[in-house]
Every structure is written in C-alpha cells, then in structure tokens.
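Notes for the one structure printed next.
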Amino acid sequence: MRNFAYYSPKNLADAIAAIRDSGGDILAGGTTVVDLMKIGVREPSALVDITGLAELEGHEIGADRIRFGALARMGHLADDKYLVAAAPVLTESLWKAASPQLRNVARLGGNILQRTRCPYFRDTAYAQCNKRSPGSGCAALDGGETSHHAIFGGSSACVAMYPGDWAQALIAFDAEIHTQGPGGRRRIPFADLHVLPGDTPEVETILQRGEIVTEITVPIVPALKASHYLKARDRESYAFASASAAVGVELDGDAVRDVRIALGGVAATPWRARAAEESLKGKPLTEESARAAGRIAFADARELEGSAYKIKLGADVVAGALMTAKSRANGGK
Amino acid sequence: MTSKTSPPCDGLSRRNFLRTTGAAGAALGVGIRHAAAHQPGSGVPPDAQPKIELTVNGRLRTLTVEPRTTLVEALRDTLGLTGTKIGCNQGQCGACTVLLNGDRVNSCLILALSANGAEITTIEGLANPDGSLHPMQTAFAEQDAFQCGYCTPGQILSAIACIDEGHAGSADEIREYMSGNLCRCGAYPNIVAAVESVRDSKEG
Ligand SMILES: Cc1cc2nc3c(=O)[nH]c(=O)nc-3n(C[C@H](O)[C@H](O)[C@H](O)COP(=O)(O)OP(=O)(O)OC[C@H]3O[C@@H](n4cnc5c(N)ncnc54)[C@H](O)[C@@H]3O)c2cc1C
Ligand code: SF4
Ligand code: FES
Ligand code: FES
C-alpha cells in the first residue's frame, strides 16, 4: 500500500474542506477502501476519515420514516430488536452480509457505496478493466469468467455486478439519501444514486467529489413490516449473493395491495423489479402467482457465459421470498 | 472472570482525555511530525511517522506508525504481539480478529491511525496474570478445536465475542456467527463444541 495523507476531521464542514483541499477519498469503516488500497486498485493521495463525525451516527424509527445516520454500523443495526420487528428486510439484509467482524466496522454509508467484486477489477495483473482504467477493455467480457457478473444493466464496456445486500432493501422501499458537500445539501431518491455503466463504468453514482452521505431515510409503509430478504449463496454464510431478493407485501384480504421486489447478485446497480410487482397488484398472492412473478422478474435478463443458473435461481428466490412475506403479512414469522 | 478488559482507570481516563483535547480541535491540514501523539482532528502528511496510543491488553502503549500501517501490522511488527495472525490480509478469513473497544474486528482492514485511542484485546491478553487460561482457551484445548492452530487466536477472540453478543443460542447460530473465521484444517465441529461448552458453563 502506498502512503497517503490522513485527515480525521471532527465535523462536516472540516471534512468537506479537507476533501476539497487534499483531493482525498472518504474513509469510513475502510472495509472497501483499505482493501482496495492494499491490492493496488485505489491509490488515493489522501484519506479523510469521517468516523469522527458524531453527527452522522445513530438511527431512529420515527412515525413515518426510519432514519439512519451514515456512520451507523451494520452489526449494531442488524441486532436492533425494534428494527427487526418494524422492518425485517432491513435487518436481514444486514446480518446476511459479510461477517460479524466486518459488520462491527462497516458503516451504512460505506455499505451502499461498496465497489464491485469483479475479480478482474480487483486484480491489477489484468490490464483490461474499463472500470479501473477507462478505455482499457473488459477482461470479463473478453473471454473471462462471468458466472458472477450482471445479467441486468450491464453494457458492452462493463458487466460488473453491484454486490451489496442492504441496497436492495433500500431501493425496494423507496429510500432517500441525504448528502452534504461543497454544493450544499441535497436529497436523492436511492433509486437515482447508482448509475448504469454504459460507456463510463468508472462512474458509479451521481455523487459529486466531496459530497458526503449524511443519512439514509426509509418511509414506513405497511409492506415494510411484512418484508423479507432471501439470499442464495455459494456457501451457507459469509458470501456475496448468487441471487437474492428484498421483498415486502401488503394484503387487502387475499389481494395484493402493495408489493416490493428488488434483486441482488444479478445487476449492475441495485435493481427494482417493477414488472414483477405490477404482475401481482390487485391479485391473490399464491405460490403460482409468486412463481410467475419470479419468472417475470427475470424475463429480460441478459445471460452471460456461465450465468444461466442465476435466472432460474433468481426466479425461485423471488417466489420463496414472496411466500415468506405473505406469511408475515398474515401474522406469521 | 477474565483479564480481558483493561484496568479501567488507566485506559479509559486516558482515552477520554484524548477525545476531549481532540475535539477542542487542532487545525486541519497541519502535519504534526514530532508531536507527542496524533490528535484527532488534525492531519498527517504522507511521509509522516505519527505517534498513536493504543491500550493493548490493558497496557497503554505509544507507538510510531506510518499512515498505511494497519492495526495488525502495528500489533505484530511494532509491538511484537505475533499471536494475532495474518491469513488473507483482505478481510476474508478472520485470522487477524482482535477485540477493538470490545467489538471483534478484522485488524488487517483497519488503519492503525483509525484505531488511535482504542482499547485492543489480543490473544496474548486473555490468560490471567497467574498464567491460568481464559475459559475459551481451555475449551478449545479440551474440545480439540484446532489442528495446525493458525486460525485459532482469531477463532478464540471471535468465539468470546460471539457469546458476549448473545449469538451462541444454538449450534446453527454459532455456525452463522462464527462464519467470519475460516479454518483450513476444518476443525469447525469442535470449534462449535468449544463455544457451546463455554456458553453452557456460563449459564450454569
Ligand atoms: C470479505 C468481505 C465480504 C463481504 N461480504 C459482503 C456481503 O455479503 N454483502 C454486502 O452487502 N457487503 C459485503 N461486503 C462489503 C462490506 O459490506 C463493505 O465493504 C462495507 O459495508 C463498506 O463500509 P465501510 O464503512 O467499511 O466503507 P469504506 O470502505 O470506508 O467506504 C466504501 C466507499 O464508500 C465511500 N464512503 C463511505 N462513507 C461515505 C459517506 N458517508 N459519504 C460518501 N462516501 C462514503 C468511500 O469513499 C468508499 O468509496 C464484504 C466485504 C468483505 C471485505
Ligand atoms: S466487468 Fe467491469 S469491472 Fe469487471 S473487468 Fe469488465 S470493465 Fe472491469
Ligand atoms: S487476515 Fe484479516 S481477515 Fe484474513
Ligand atoms: S486449525 Fe489449522 S486453520 Fe484452523
């Protein structure tokens, strides 16, 4: 790892100034940043450690929304019993991610901005990677191993998969991101935060340089209580998703009044499956309609070499998650 | 029960002192190459060798690091505490697990500078001063919960935290909450047995 200047500001204004003056990267828990620096993928000239910004800590469950400070730790939230009851999809997608040690360190702001695990992006021995060095090509598409790449949202320049779990719960439930940067404050629908790779896979979000995520808010809707995160992995625990689904339902008698479906492990960005949601609205939620919704969710997937399994697995995961959400809507666990 | 936490007066008062002076705010961007210890709130240039303070196994230590020094390097190379192991060096195996302010963490992904002022417990800090082992160390020996032993320091720290967090309710829960520690020798069933035995002796 190359050396770098290190700043540890104590308030937002100083942090924004330090990023502006140093041109440095933001450091939160560091489980992505330090990792990428050690393997030479990122070589920032400075790091601005924001973990001293006490104003970005904490979370609360309010009357109409849940607010998360960007520095809240994954592990602490996953174990919050009020949150488990109010929004199971938000806690399940946290404790099924990474490991206890990583969750004790990783912060929510860093979590949503984690980088892809594409092995060619992470290995500088491969010269070709448009995301790491724009214009160099794509080792994955150029005969590489693509069984863990994106079957939604990829481009001819990059098919890297967005690996995070929690983001799927956020996009399913219309979360918003609150930021502060050199240009002031703004509020961004979570669905607008990440951008598709297109011709510029090095650009992953709409955040400006030095723009700090301060909090994340999730509106409370009835489907949040009857929600679930189902994650299928290559091993039972401590692995990124092969396919996952963040779902929630609100029933009116038998009929679906509201339903949310987002897909993990399969797309270039957090991915909402709107057509699958529409297919269920106003209709009874049965095993059959859940399976149909799963198929609809993957109808326009673009299979890559070795990734056909994701289409079948993903459809099954969506259906399974919906059935658990249904039982929760009916008062089950 | 154990000597795992540090004597409160020494460690804690020192940390609070550091926090307060840090919050009072050294100016941003000022490199303090020769200062006594790095102050939160200030900046460190890339070629600096800042001093940090860690309370390791109850003893306050002042050490010189580089910005890029990770916590595990500071523990092993600077302080000579080689009980903490480096496996993957990428947050994937748990060999480098230590307790930081009571939480289990991978010390390979934490910058030493970010840990400034923290309390760290490593495998060397578990036994009692009279040399008697921590119950989790005894349980690992009794249950034969290792073969080569390379993952064991990390497993033991993680296992202690697993019980403290309340995540040792069943064998399944232990497996889930010990999944951040890989064992290439495959001692997993015996590790679960060790955690269960300590949990049960605590309950009893
Ligand atoms: C072995 C391993 C397994 C993992 N498994 C999973 C998994 O199964 N599921 C999963 O979801 N994740 C997984 N992760 C990823 C992990 O969850 C993320 O690395 C972590 O959440 C990032 O949080 P952090 O605080 O450490 O971020 P950092 O590493 O500090 O930062 C990450 C990025 O966000 C930026 N940043 C951080 N905070 C802010 C902010 N407030 N405003 C603006 N920018 C900011 C940083 O500049 C950086 O680009 C795994 C990681 C490892 C190492
Ligand atoms: S898929 Fe994207 S990240 Fe992976 S090698 Fe291709 S360009 Fe790089
Ligand atoms: S050495 Fe730190 S997790 Fe493997
Ligand atoms: S005992 Fe050898 S790696 Fe676990």
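Quick caveat, the model's predicted, so the values are computed rather than measured. Proteins get letters first, then strands, A, B, ... in listed order; numbering begins at 1 in each.
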Quick one: does any side-chain atom of [X] pair with a main-chain N or O of [Y] as donor and acceptor, under 3.5 Å?
X        : Y        : answer
A/Lys38  : B/Gln90  : no
B/Asp103 : A/Asn104 : no
A/Tyr238 : B/Gln92  : yes
B/Arg104 : A/Gln101 : no

Is there side-chain contact between B/Leu111 and A/Phe4, with at least one heavy-atom pair below 4.5 Å?
yes
Could you tell me whether the side chain of A/Leu102 reaches within less than 4.5 Å of the side chain of B/Val105, counting heavy atoms only?
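They are not in contact (no side-chain heavy atoms under 4.5 Å apart), so the answer is no.
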Distance in Å, [X] [atom1] paired with [Y] [atom2], rounded so as to fall on 0.5 Å steps:
X        : Y        : atom1 : atom2 : value
B/Leu182 : A/Ser99  : CG    : OG    : 9.0 Å
A/Tyr7   : B/Leu113 : OH    : CG    : 12.5 Å
B/Ile110 : A/Thr31  : CD1   : OG1   : 9.5 Å
A/Tyr6   : B/Glu66  : OH    : CD    : 15.0 Å

Could you tell me which portion of [X] (side chain, backbone, both or neither) has an atom closer than 4.5 angstrom to a non-hydrogen atom of chain A?
X        : value
B/Cys108 : both
B/Thr97  : side chain
B/Thr69  : neither

Which answer fits A/Asn11, side chain, backbone, both or neither, if we ask what part of it has an atom under 4.5 Å from a heavy atom of chain B?
neither
Side chain, backbone, both or neither: which part of A/Asp35 has a non-hydrogen atom closer than 4.5 Å to chain B?
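Both backbone and side chain.
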I'd like to know which of A/Lys96, A/Arg2, A/Arg73, A/Glu236 tops the heavy-atom pair count under 4.5 Å against chain B.
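Of the candidates given, the most pairs with chain B belong to A/Arg2.
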Among A/Met1, A/Met37, A/Arg103, A/Arg235, which has the most heavy-atom pairs under 4.5 Å with chain B?
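The answer is A/Met1.
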Looking at A/Arg117, I'd like to know if its CZ atom is crowded, meaning that more than 12 non-hydrogen atoms belonging to other residues, nucleotides or ligands lie closer than 6.0 Å.
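Yes, enclosed.
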Output, in order, the C-alpha distance, side-chain angles, deciding distance and verdict of side-chain contact (heavy atoms from CB on, under 4.5 Å) for A/Leu27 and B/Ser114.
CA-CA 10 Å; A/Leu27 173 71; B/Ser114 300; 3.7 Å; yes
